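Here, residue 1 is the first one in the sequence, and each next residue gets the next number. The structure displayed is predicted, hence computed values, not measured ones.
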Amino acid sequence: MSGRVEIDEEGMAEFEASIVDACDAVIKSVTDEARQRAPRRTGNLVSRIESTGSASAGYRIESNADYGAYVERGTDKFAPEPYLRPSIHTERVITQ
C-alpha cells in the first residue's frame, strides 16, 4: 500500500496558531477560575495568582503569595481551601 501526503504550509501554520490560541484560552480560563475560587480575606492571594509561559515552553499558574501553598493544601492548624487544583479539574472537564 502506498500513498502520498502533501502538507499545505499555510494550512499548517493556521493549525498551529489555532492550537496556541486554544492553549492560551485554557490557561486564562484556569487562572480566572482559580481567582474566583481563592479565599478573599484581604484580596492579596487573589491578586497574586498569575500565569506565565507559552504553548512552546509550557505554562505555569501559581500564586506568588508566600502562604498560597498553605491555603491550597492546609496545615496542621488550618483546613485546606483548594483553589488551584479544582480550577484545573474544572477546565479538564470542560475541554474533554
Side-chain angles (χ1 to χ4, degrees):
M1 186 172 181
S2 65
R4 180 178 170 166
V5 175
E6 292 185 32
I7 298 175
D8 175 12
E9 295 294 327
E10 186 177 318
M12 187 58 128
E14 288 176 15
F15 174 72
E16 289 174 358
S18 69
I19 295 296
V20 168
D21 290 346
C23 289
D24 290 344
V26 168
I27 293 303
K28 182 182 181 327
S29 178
V30 170
T31 303
D32 291 346
E33 179 76 17
R35 287 179 182 139
Q36 289 292 320
R37 290 177 175 269
R40 286 177 165 65
R41 290 185 184 92
T42 65
N44 185 53
L45 179 63
V46 173
S47 70
R48 291 178 173 251
I49 297 172
E50 299 176 351
S51 60
T52 58
S54 66
S56 61
Y59 293 96
R60 183 179 192 105
I61 301 171
E62 63 186 348
S63 171
N64 295 322
D66 294 340
Y67 55 90
Y70 300 125
V71 174
E72 177 78 15
R73 298 189 180 270
T75 68
D76 58 343
K77 296 181 181 180
F78 297 99
E81 296 182 66
Y83 57 96
L84 285 173
R85 288 175 291 160
S87 302
I88 294 166
H89 294 298
T90 298
E91 185 61 37
R92 186 181 302 164
V93 170
I94 292 170
T95 58
Q96 287 183 352

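- The line from CD1 of Ile27 to CG of Asp32 is 11.0 Å long, rounded to the nearest 0.5 Å.
- Classification of Lys28 and Asp24 as a salt-bridged pair fails, no side-chain N sitting under 4.0 Å from a carboxylate O.
- Taken from OG in Ser56 to CD in Glu16, the straight-line distance is 11.0 Å, to the nearest 0.5 Å.
- Side chain of Arg60 to main chain of Gly58: no donor-acceptor pair is present (N/O by atom type, distance under 3.5 Å, no hydrogens or angles).
- Residue Phe15 qualifies as open at atom CZ: its count of foreign heavy atoms under 6.0 Å is 12 or below.
- The nearest pair of heavy atoms linking Ile49 to Ala34 is CD1-O, 3.7 Å.
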Inset, instruction - Report the C-alpha distance between Val46 and Tyr83 in whole Å, list the side-chain angles of each, state the deciding distance to 0.1 Å, and finish with yes or no for side-chain contact (heavy atoms from CB on, under 4.5 Å). - result: CA-CA 10 Å; Val46 173; Tyr83 57 96; over 6 Å; no

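- Of all non-hydrogen atoms in Ala55 and Cys23, the two that sit nearest each other are CB-CB, 4.3 Å.
- Considering all non-hydrogen atoms of both residues, Pro86 and Arg37 come closest at CB-NH1, 3.5 Å.
- For Arg85, the CZ atom is densely surrounded, since the number of other residues' heavy atoms within 6.0 Å is greater than 12.
- Under a 3.5 Å cut-off, the side chain of Glu72 and the backbone N or O of Leu84 do form a donor-acceptor pair.
- Note on Tyr59: it clusters hydrophobically with Ile88, by side-chain heavy-atom contacts below 4.5 Å among ILVMFWY residues.
- The closest donor-acceptor contact from the side chain of Ser29 to the backbone of Ala25 lies at 3.5 Å or more, if one exists at all.
- The two residues Asn44 and Tyr67 make their nearest non-hydrogen contact at ND2-OH, 3.1 Å.
- With values rounded to the nearest 0.5 angstrom, Thr31 atom OG1 is found 12.0 Å from Gln36 atom CD.
- Under the 4.5 Å side-chain heavy-atom criterion for ILVMFWY residues, no single connected hydrophobic cluster contains both Ile61 and Val20.
- No donor-acceptor distance shorter than 3.5 angstrom exists from the side chain of Arg40 to the backbone of Leu45, with no hydrogens or angles considered.
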